[in-house]
Amino acid sequence: MSDDMDFEEGGTIKKFMFVNRKAPYGTIYALEGLEVVLISAAFDQDVSLAFVDDGVFQLVKGQKTDGIEMKNFSPTYRALEGYDIEKLYVDRESLEARGLSEDDLLVDVQVMSAAEMGDMMAQQDVVISF
Amino acid sequence: MKFAIMVSEGPYTHQATDSAYQFAKAAIAKGHEVTRVFFYHDGVNNGTRLTVPPQDDRNIVNRWSEIATQNNIDLVICIAAAQRRGLLDENEAKRQGKDANNIAPGFRISGLGQLVEAGIQSDRLVVFGD
């Protein structure tokens with residue numbers, strides 16, 4: 001818990017981090033995780049997203065899903081800005097291990113080391129992982 | 001301390017819901033409060049009253065119902081996740097034109113906002129998943 005909780009109009013503002021660890025398809029975690037992120041925008045909290053392990057694949061450009069008969073939901077990540085969700089953190093080692101770089105991603109992100117990501121997590125009030 | 005819990009996996013296949021239950025029991029035994037358990041992803045399957053496990057095994061669904069009734073815990077099943085997976089309460093069954101409902105006692109169906117709210121209102125939100 002951070003000690004600097006803000007109180008605005010009687011409501012508490014907490015630091016929420018959603019940690020995305022799974023590939024976008026193959027399991028439903030990424031899709032349902034994104035649904036929570038969108039709902040959280042309605043609560044006026046301090047929201048950030050972390051992408052680690054196969055979670056970095058969620059942000060890769062040019063996803064084509066016709067062949068697996070699933071909806072390509074990657075455009076939603078571009079819409080997050082419109083919900084004032086702009087803190088997207090990506091683990092550098094996870095990117096590099098998968099042959100990816102920041103240029104392969106469909107949104108602006110902050111790429112950081114595992115240690116920096118750990119510091120970021122330690123600052124949160126609520127961490128929800130998918 | 002006020003705890004909220006998120007359960008992301010279904011019963012029997014995965015230990016997550018067992019661990020969440022043991023955590024809740026231990027926290028209550030130590031004098032803490034568990035305010036809400038939010039069931040998401042396949043975790044919604046913890047709330048069907050139609051499970052019939054072998055008699056010499058634990059009854060995961062009944063166990064949640066009992067601990068919730070005894071300790072006033074709010075058991076919430078995510079509506080979007082539930083609808084995908086065939087979990088319906090009486091109202092939803094009527095609304096969707098289905099011929100049955102299957103929610104266990106002590107559980108209720110509600111929206112994802114209940115998860116975010118639990119994160120805001122509790123001292124800790126603990127996630128049990130894969």
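The sequence lines fix the lettering, A, B, ..., with proteins before strands; numbering per chain opens at 1. Remember, predicted model here, so these are calculated numbers, not experimental data.
Counting heavy atoms of neighbouring residues, nucleotides and ligands inside a 6.0 Å radius, atom CG of B/Asp57 exceeds 12 of them.
Put simply, NZ on A/Lys64 and OG on A/Ser74 are 10.5 Å apart, with the number rounded to the nearest 0.5 Å.
Within the 4.5 angstrom heavy-atom criterion, atoms from both the backbone and the side chain of B/Asp130 approach chain A. Looking at A/Gln45, the atoms closer than 4.5 Å to chain B (heavy atoms on both sides) all sit in the side chain, from C-beta outward. A/Phe16 touches chain B through its side chain: at least one heavy atom from C-beta onward sits under 4.5 Å away, while N, CA, C and O do not.
No hydrogens or angles considered: a donor-acceptor pair under 3.5 Å links the side chains of A/Gln58 and A/Tyr77.
With chain B as partner, the option from A/Val36, A/Thr27, A/Leu38 having the largest number of non-hydrogen pairs under 4.5 angstrom is A/Val36.
For residues 59-73 of chain B, a heavy-atom distance under 4.5 Å to chain A picks out no residue at all. Within residues 78-117 of chain B, the residues that have a heavy atom under 4.5 Å from a heavy atom of chain A are B/Ala80, B/Ala81, B/Arg84, B/Arg85, B/Leu112, B/Gly113, B/Leu115, B/Val116, B/Glu117, listed by number.
A centroid separation of 6.0 Å or more is found between the aromatic rings of A/Phe51 and A/Tyr89. Aromatic ring centroids of A/Tyr25 and A/Phe73 lie under 6.0 Å apart.
The salt bridge (Lys or Arg N to Asp or Glu O under 4.0 Å) test with A/Asp54 singles out one residue from A/Arg21, A/Arg98, A/Lys22, and that residue is A/Arg98.
Comment: A/Lys61 does not engage A/Asp103 in a salt bridge, judged by the lack of any side-chain N to carboxylate O separation of less than 4.0 angstrom. The pair A/Lys15-A/Asp46 counts as a salt bridge, with a side-chain nitrogen and a carboxylate oxygen less than 4.0 angstrom apart. Using a 4.0 Å cut-off between charged nitrogen and carboxylate oxygen, B/Asp74 and B/Arg36 count as a salt-bridge pair.
In this structure a side-chain-to-backbone donor-acceptor pair under 3.5 Å is present from B/Tyr40 to A/Glu32. Proximity of a side-chain donor or acceptor of A/Thr65 to a complementary backbone N or O of A/Asn72 within less than 3.5 Å is detected.
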